[in-house]
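What follows is a single structure, written as structure tokens, with notes after it.
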Amino acid sequence: MIRHLLSAADLDRETATLVLDTAGQMDAAMAGREVKKLPTLRGRTVVNLFYEDSTRTRISFEAAAKRLSADVITFNAKGSSVSKGESLKDTALTLEAMGADAVVIRHSASGAPHRLSRWVSGSVLNAGDGTHEHPTQALLDAYTMRHRLGRLDGLNVAVVGDVLHSRVARSNVLLLHTLGANVTLVGPPTLLPVGVEGWPAEVSYDFDAVLPKHDVVMMLRVQRERMNDSYFPSAREHARRYGMDARRMAMLPEHAIVMHPGPMNRGMEITPEVADSPRSTIVEQVSNGVSVRMAVLYLMLGGSRPEEV
Ligand code: NCD
């Protein structure tokens, strides 16, 4: 198993499949239990280091580590010595002194988890760094697709909207390519990254044309906090050209699903009607996130096997 999970590219097909299969076992192991806790990581310490706002990912990693019986320390940069100017390196040395077996980090700077991995002896898990990557989100998305549609190989997946600022898109493109799915990136030219031609994905500016051929449509949040207003004409125009609404949902094949990593801008990239429809996997993605993160922590920290507990 890999020591750190910094990028979806750290996972080859075999390892990624092992994570997804293990997440399935975690689900099964938890299903029969009244007390939702496995003793696999007893005595291990997992530190959650969140320098950027997060709801789902922070709670999900915390729940995953706790369900495996690890000791969990959640560190929020706000209210810590970070606001007194303490550097990432000094924080890392503090964690090291406390004997963290794994550090889960979210940071606004792309590359921060990579830096951290050089300073600590435990495993580092990237929970989202700047506009770079978010590998566990890609794993939970892949798990959700496989669970709903039965396979990943040959699946056609459209990733739509603000690709430029999306670490979710980047990690998904890499992981889905590894797992044999075909990805089409859809968005206005201003919200597609420079060099996108080099990514293992197709590009389209025409959302309507893409819909009938896709098994999965993954909507991305328009990340206004990372942009100035020159990226798109208006919220209304973006919704009209690249928003998922009932008309577009009706153009999808009958089995197709609609995904969103959250948090959503309801009414911008997705209408409430679509978000709350049976085709939407948004809530499932959140619960699958816990199982996938349990699998990652378990495999990386080498806990005892779920069937042995
Ligand atoms: C994403 C993130 O933080 O990168 N959310 C998440 O982790 N569920 C996507 C986003 O912020 O739009």
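Read the numbers this way: they start at 1 and go in the same order the structure lists the ligands and their atoms. All of these numbers come straight from a predicted model, not from anything done at the bench.
- For ligand 1 and Arg106, the ligand atoms under 4.0 Å from any heavy atom of the residue are 2 (C), 3 (O), 7 (O).
- Atoms of ligand 1 lying under 4.0 Å from any heavy atom of His134, numbered from 1 in the order shown and given with element: 2 (C), 4 (O), 6 (C), 7 (O).
- Between Asp245 and Arg240, no side-chain nitrogen of the basic residue sits less than 4.0 Å from a carboxylate oxygen of the acidic one, so the salt-bridge criterion is not met.
- Residue Arg67 forms a side-chain contact (heavy atoms from CB on, under 4.5 Å) with just one option from Val290, Leu297, Thr40, Val35, and that option is Val290.
- Looking at Glu52, Arg221, Arg167 and measuring to atom 12 (O) of ligand 1, the nearest heavy atom belongs to Arg221.
- The existence of a salt bridge linking Asp208 and Arg247 is confirmed by a sub-4.0 Å separation between a basic side-chain nitrogen and an acidic carboxylate oxygen.
- Residues that satisfy the ring pair (Phe, Tyr, Trp, His ring centres under 6.0 Å) test with His165, not counting sequence neighbours, are Tyr231.
- Within the 4.0 Å heavy-atom shell around ligand 1 one finds Gly262.
- Here is the list of ligand 1 atoms found below 4.0 Å of a heavy atom in Gln137: 6 (C), 7 (O), 8 (N).
- The protein heavy-atom contact nearest to atom 8 (N) of ligand 1 is Pro261 O, 3.0 Å.
- Asp215 places a side-chain N or O within donor-acceptor distance of the main-chain N or O of Asn156, the cut-off being under 3.5 Å.
- Taking every heavy atom of Val168 and a limit of under 4.0 angstrom, the matching atoms of ligand 1 come to 1 (C), 4 (O), 9 (C).
- With Glu133 contributing its side chain and Asp129 its backbone, the two residues share no donor-acceptor pair below 3.5 Å.
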